[in-house]
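In what follows, a structure is listed as structure tokens, so that the remarks can point back to it.
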Amino acid sequence: MESKEAVQKLRGWFSGRLPAEWFEGEPEIVPDREEIAVIGRLRAPAFGDDVSEVERAAAVEGGVERFREETRECRIEIALEAERRFRRKVSWGVVVGDRTVMFTTLSVPVMTRLRQSERRVLDTLVAAGVARSRSDALAWCVRLVGRNTDTWLTDLRDALQHVDRVRASGPDVNS
């Protein structure tokens with residue numbers, strides 16, 4: 001878990017480095033141990049009431065692709081600088097309306113030990129065709145939990161940041 005100061009440093013660096021015209025407002029910076037995701041809001045296409053949802057979706061998709069292509073070289077340059085500076089990969093994404101599109105993200109292996117009852121859950125998902133492998137099934141479970149417990153996970157992250165602040169304000173035991 002990142003300290004609040006470390007997250008502020010990342011936000012500040014990216015705010016200073018990213019072209020102001022790319023996004024509406026400040027981008028969201030989402031770090032973990034391996035990766036820093038930079039997610040900015042793009043202006044949604046303006047349409048009248050008589051436009052179909054299919055046309056709206058196609059316009060959003062086209063706008064996202066235009067942004068991705070037009071900013072590719074600069075995004076790569078910024079990512080390389082950030083990767084050297086913060087020793088983590090940088091991924092990019094955009095939000096348009098209620099849709100989030102990630103361009104690049106890492107897929108990081110994670111090891112775990114599971115008991116038979118837990119392995120059976122994964123094997124059931126594979127047998128049902130929900131996932132191709134136990135690894136895919138476990139990733140599916142993590143995404144499902146993340147979607148359905150977002151408020152709880154947010155509260156837990158906030159509590160961890162409070163613990164970090166209290167720990168930092170305590171006596172220095174190394175002196």
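- Salt bridge absent: Glu26 and Arg11 never bring a charged side-chain N and a carboxylate O closer than 4.0 Å.
- For the atom pair Arg99 CZ and Arg56 CZ, the distance stands at 15.0 Å (nearest 0.5 Å).
- One finds the CH2 atom of Trp92 at 4.5 Å from the CD1 atom of Ile78 (value rounded to the nearest 0.5 Å).
- Between the CG atom in Leu138 and the OG1 atom in Thr112 there is a gap of 6.5 Å [rounded to 0.5 Å].
- Using modelled atom types, one side-chain atom of Arg41 and one backbone atom of Gly97 make a donor-acceptor pair closer than 3.5 Å.
- Val38 and Val7 are members of different hydrophobic clusters when ILVMFWY side chains are connected at heavy-atom separations under 4.5 Å.
- Two different hydrophobic clusters hold Val30 and Trp22 under the rule that ILVMFWY side chains link at heavy-atom gaps under 4.5 Å.
- To the nearest 0.5 Å, atoms NZ (Lys4) and CG (Asp158) are separated by 9.5 Å.
- Under the 4.0 Å criterion applied to side-chain N and carboxylate O atoms, Asp164 and Arg167 are assigned as salt-bridge partners.
- Hydrophobic cluster membership is shared by Val90 and Phe86, with clusters built from Ile, Leu, Val, Met, Phe, Trp and Tyr side chains linked at under 4.5 angstrom.
- Taking hydrophobic clusters as Ile, Leu, Val, Met, Phe, Trp and Tyr residues chained together by side-chain heavy-atom distances below 4.5 Å, Phe14 does not share a cluster with Val95.
- For Val126 against Arg132, the heavy-atom pair with the smallest separation is CG1-O, 4.0 Å.
- Atom-to-atom distance recorded for Phe67:CZ and Arg72:CZ is 11.5 Å, nearest 0.5 angstrom.
- At a threshold of 4.5 Å between non-hydrogen side-chain atoms, the residues Glu81 and Trp13 count as touching.
- Atom CG of Leu106 sits about 4.0 Å away from atom CD of Glu35, to the nearest 0.5 Å.
- The closest donor-acceptor contact from the side chain of Arg88 to the backbone of Asp32 lies under 3.5 Å.
- Using a 4.5 Å heavy-atom cutoff, the side chains of Pro19 and Thr71 are not in contact.
- The pair Glu118-Arg113 does not meet the salt-bridge criterion, since no charged nitrogen lies less than 4.0 angstrom from a carboxylate oxygen.
- Contact check for Cys74 versus Leu18: no side-chain heavy atoms found under the 4.5 Å cut-off.
- Transitive grouping of hydrophobic side chains (ILVMFWY, heavy atoms separated by less than 4.5 Å) keeps Val60 and Ile39 in distinct clusters.
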